[in-house]
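Predicted model, so just to flag it, every value in this text is computed and none were measured. Reminder, nothing fancy here: chain letters follow the sequence lines and each chain counts from 1.
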Number of protein chains: 2
Amino acid sequence: MKLLTRDTDYAVRALIFICKAGRRREGATVTADEIIKALKLPKALLRKSLQTLSKNKILISGRGKRGGFSLSKHPSKINIVDIITIFQGPVNFTNCLLRNTPCPNRRMCKVRKKILNLSKYVSSALEKITLSSLS
Amino acid sequence: MKLLTRDTDYAVRALIFICKAGRRREGATVTADEIIKALKLPKALLRKSLQTLSKNKILISGRGKRGGFSLSKHPSKINIVDIITIFQGPVNFTNCLLRNTPCPNRRMCKVRKKILNLSKYVSSALEKITLSSLS
DNA sequence: ATTTAATGATACTATTTTAGTATCATTAAA
DNA sequence: TTTAATGATACTAAAATAGTATCATTAAAT
Ligand code: FES
Ligand code: FES
């Protein structure tokens, strides 16, 4: 059972790396190649993830020579739910799996209600996991 | 983000149905066809799910004419984690996604620890959702 | 100006997981 | 012996995930 797909996982690792670099040197930018080298992740895939983070305003990117990435906001403001949401859609254990057809049995929806509550709990727990708390 | 796959979902619905039948009439058995008809689920797939439940001792099955399924234990003893585990493997948000290679960076494992804790919470919350509480 | 080193955009393939189907064997009651 | 049930198994289809490749664009360094 996967909570994070690889995209997400790689993104989180990369963010942690960038975050640390930022702490070592104020305003530092980090290139994709540096991250790939340091973390040994598949090049094309990580680049894609970084681009996605960039599009979603988690990272600020600089193009051209001396370009690279840096965090767009304070690490305490970046949490895992945001990242998961970007790569995997909203965190909710949706559960009327009779997708198109309407529920045949109202009573069954007790399942759904319970799982929805759990889902909310997980979501808010993940919100509390920020980049600060990870790096 | 899916917590239950269809297999699991169909299985849960079926179990609820069987459970109710059991309450209506002591020792009742229910056939796959009855469930399929009542819940309008894909025949071949539900049969497979029922067989799996049977193999895993959640259901008792009777073959031949007048055969069918019934719960193998009291509905309060059957919980969703069991069912999920059967169809989807153990409930844990495993998360060193660098599967084969060892973790490049011990510090990162804060991610894993936090997610593992969450995973335990979810698991025990799901344990509390029993067939009794659903039907 | 030109080169170089970076990201942006995009299109593609491969693999794995999930979803679903079909068929025949076996069993036990009628 | 027929019939109505599950057991076992093998197969196909669709969707999600994982991964690759290529070229365009940008901006600093020379
Ligand atoms: S059966 Fe549809 S929400 Fe429960
Ligand atoms: S990087 Fe492997 S467990 Fe965290």
Side-chain angles (χ1 to χ4, degrees), chain A residues 1-11 13-14 18 21 28-37 39-70 72 84 86-89 94-95 97-101, chain B residues 1-11 13-14 18 21 28-37 39-70 72 84 86-89 94-95 97-101:
Chain A
M1 179 166 295
K2 240 176 296 183
L3 184 64
L4 311 192
T5 58
R6 293 218 176 174
D7 272 356
T8 314
D9 183 69
Y10 293 169
R13 289 170 202 272
I18 295 167
T29 80
V30 181
T31 70
D33 277 339
E34 284 166 350
I35 300 172
I36 288 155
K37 213 173 171 189
L39 305 183
K40 287 167 189 145
L41 301 176
K43 176 159 181 160
L45 194 49
L46 184 70
R47 281 204 58 216
K48 211 166 55 173
S49 289
L50 291 171
Q51 285 188 9
T52 304
L53 288 173
S54 195
K55 261 187 205 157
N56 285 276
K57 318 277 186 200
I58 304 293
L59 291 177
I60 291 170
S61 72
R63 289 168 73 156
K65 207 163 185 174
R66 289 287 187 133
F69 299 92
S70 59
S72 72
I84 293 180
I86 288 168
F87 290 95
Q88 309 175 42
T94 44
N95 234 88
L97 294 189
L98 289 189
R99 284 161 196 165
N100 310 316
T101 51
Chain B
M1 179 165 298
K2 241 177 296 181
L3 184 64
L4 310 192
T5 58
R6 293 218 177 173
D7 272 357
T8 314
D9 184 69
Y10 292 168
R13 290 170 203 271
I18 295 167
T29 79
V30 181
T31 70
D33 278 339
E34 284 166 351
I35 301 173
I36 288 155
K37 212 174 172 186
L39 306 184
K40 287 166 190 147
L41 301 176
K43 176 158 180 162
L45 194 49
L46 184 70
R47 280 204 60 217
K48 210 165 54 171
S49 289
L50 291 170
Q51 285 187 10
T52 304
L53 288 173
S54 196
K55 261 186 206 160
N56 284 276
K57 319 279 188 197
I58 304 293
L59 291 176
I60 290 170
S61 72
R63 290 167 74 155
K65 207 164 184 174
R66 289 290 188 131
F69 299 92
S70 59
S72 70
I84 293 180
I86 288 169
F87 289 95
Q88 308 175 41
T94 45
N95 233 89
L97 294 189
L98 289 190
R99 283 160 197 166
N100 309 318
T101 53

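Nearer to the 5' terminus of DNA chain C, by closest-nucleotide assignment, is the contact made by Gln88(B) (compared with the other of Gln88(B) and Lys65(B)). Projected onto DNA chain D by closest heavy-atom contact, Arg66(A) and Thr31(B) fall at different nucleotides, the more 5' of which corresponds to Thr31(B). Residue Gly67(B) is the one, among Lys48(A) and Gly67(B), whose nearest nucleotide of DNA chain D lies closer to the 5' end (criterion: closest heavy atom).
For the residue pair Arg47(A) and Ala32(A), the shortest heavy atom distance occurs at CG-CB, 4.0 Å. Across Ile35(B) and Ala14(B), no two heavy atoms sit closer than the pair CG2-CB, 4.1 Å. In terms of heavy atoms, Ile18(B) sits closest to Ser70(B) at CG2-CA, 3.9 Å.
Residue Lys55(B) is classed as a sugar-phosphate contact, given heavy-atom separations below 4.0 Å to backbone atoms only.
Contact check on Arg13(A) versus Asp9(A) returns a salt bridge, with a Lys/Arg side-chain nitrogen under 4.0 Å from an Asp/Glu carboxylate oxygen. Taking a cutoff of 4.0 Å between a charged side-chain nitrogen and a carboxylate oxygen, Asp7(A) and Lys48(A) do not qualify as a salt bridge.
Put simply, the side chain of Arg47(A) and the base of dG8(C) share a donor and an acceptor less than 3.5 Å apart. Below the 3.5 angstrom threshold, one finds a donor paired with an acceptor across the side chain of Arg63(A) and the base of dT25(D).
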Watson-Crick and G-U pairing of DNA chain C, under 3.5 Å, as dot-bracket with | and [ ]: ||||||||||||||||||||||||||||||
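Distances shown here put every side-chain N or O of Tyr10(B) at or beyond 4.0 Å from the OP1 or OP2 atom of dA19(C). In terms of phosphate contacts, Ser61(A) brings a side-chain nitrogen or oxygen within less than 4.0 Å of OP1 or OP2 of dG8(C). Regarding contacts with the backbone of dA18(D), a side-chain N or O of Lys2(A) is found under 4.0 angstrom from either OP1 or OP2. An OP1 or OP2 oxygen of dA18(D) is reached within less than 4.0 angstrom by no side-chain nitrogen or oxygen of Lys43(A).
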Verdict with reasoning, Thr8(B) to Thr5(B), per side-chain hydrogen bond (donor to acceptor under 3.5 Å, both in side chains): CA-CA 5 Å; Thr8(B) 314; Thr5(B) 58; 3.2 Å; yes
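Spacing between atom CG of Leu45(B) and atom P of dT9(D) amounts to 18 Å, rounded to whole angstrom units. Atom-to-atom, CG of Asp9(A) to P of dT17(D) comes out at 14 Å; the value is rounded to the nearest Å. Asp33(B) places its CG atom 13 Å from the P atom of dG7(D), with the value rounded to the nearest Å. At whole-Å resolution of the value, CG in Leu50(A) and C1' in dA6(C) are 12 Å apart. Taking atom CD1 of Ile36(B) as the reference point, atom P of dT21(C) lies 11 Å away to the nearest angstrom. One atom, CG of Leu4(A), and another, P of dA18(D), lie 10 Å apart when rounded to the nearest Å. The CZ-P distance, from Phe69(A) to dA6(C), rounds to 11 Å in whole Å. At whole-Å resolution of the value, NZ in Lys37(A) and C1' in dA6(C) are 16 Å apart.
Closest to the Arg6(B) side chain, of the nucleotides dT10(C), dA8(D), dG20(C), is dG20(C).
Looking at heavy atoms from C-beta onward, Thr29(A) lies out of side-chain contact with Arg66(A) at the 4.5 angstrom threshold.
Among Leu46(A), Leu50(A), Leu45(A), the one residue that satisfies the side chain to side chain contact (heavy atoms under 4.5 Å, CB included) test with Ile36(A) is Leu46(A).
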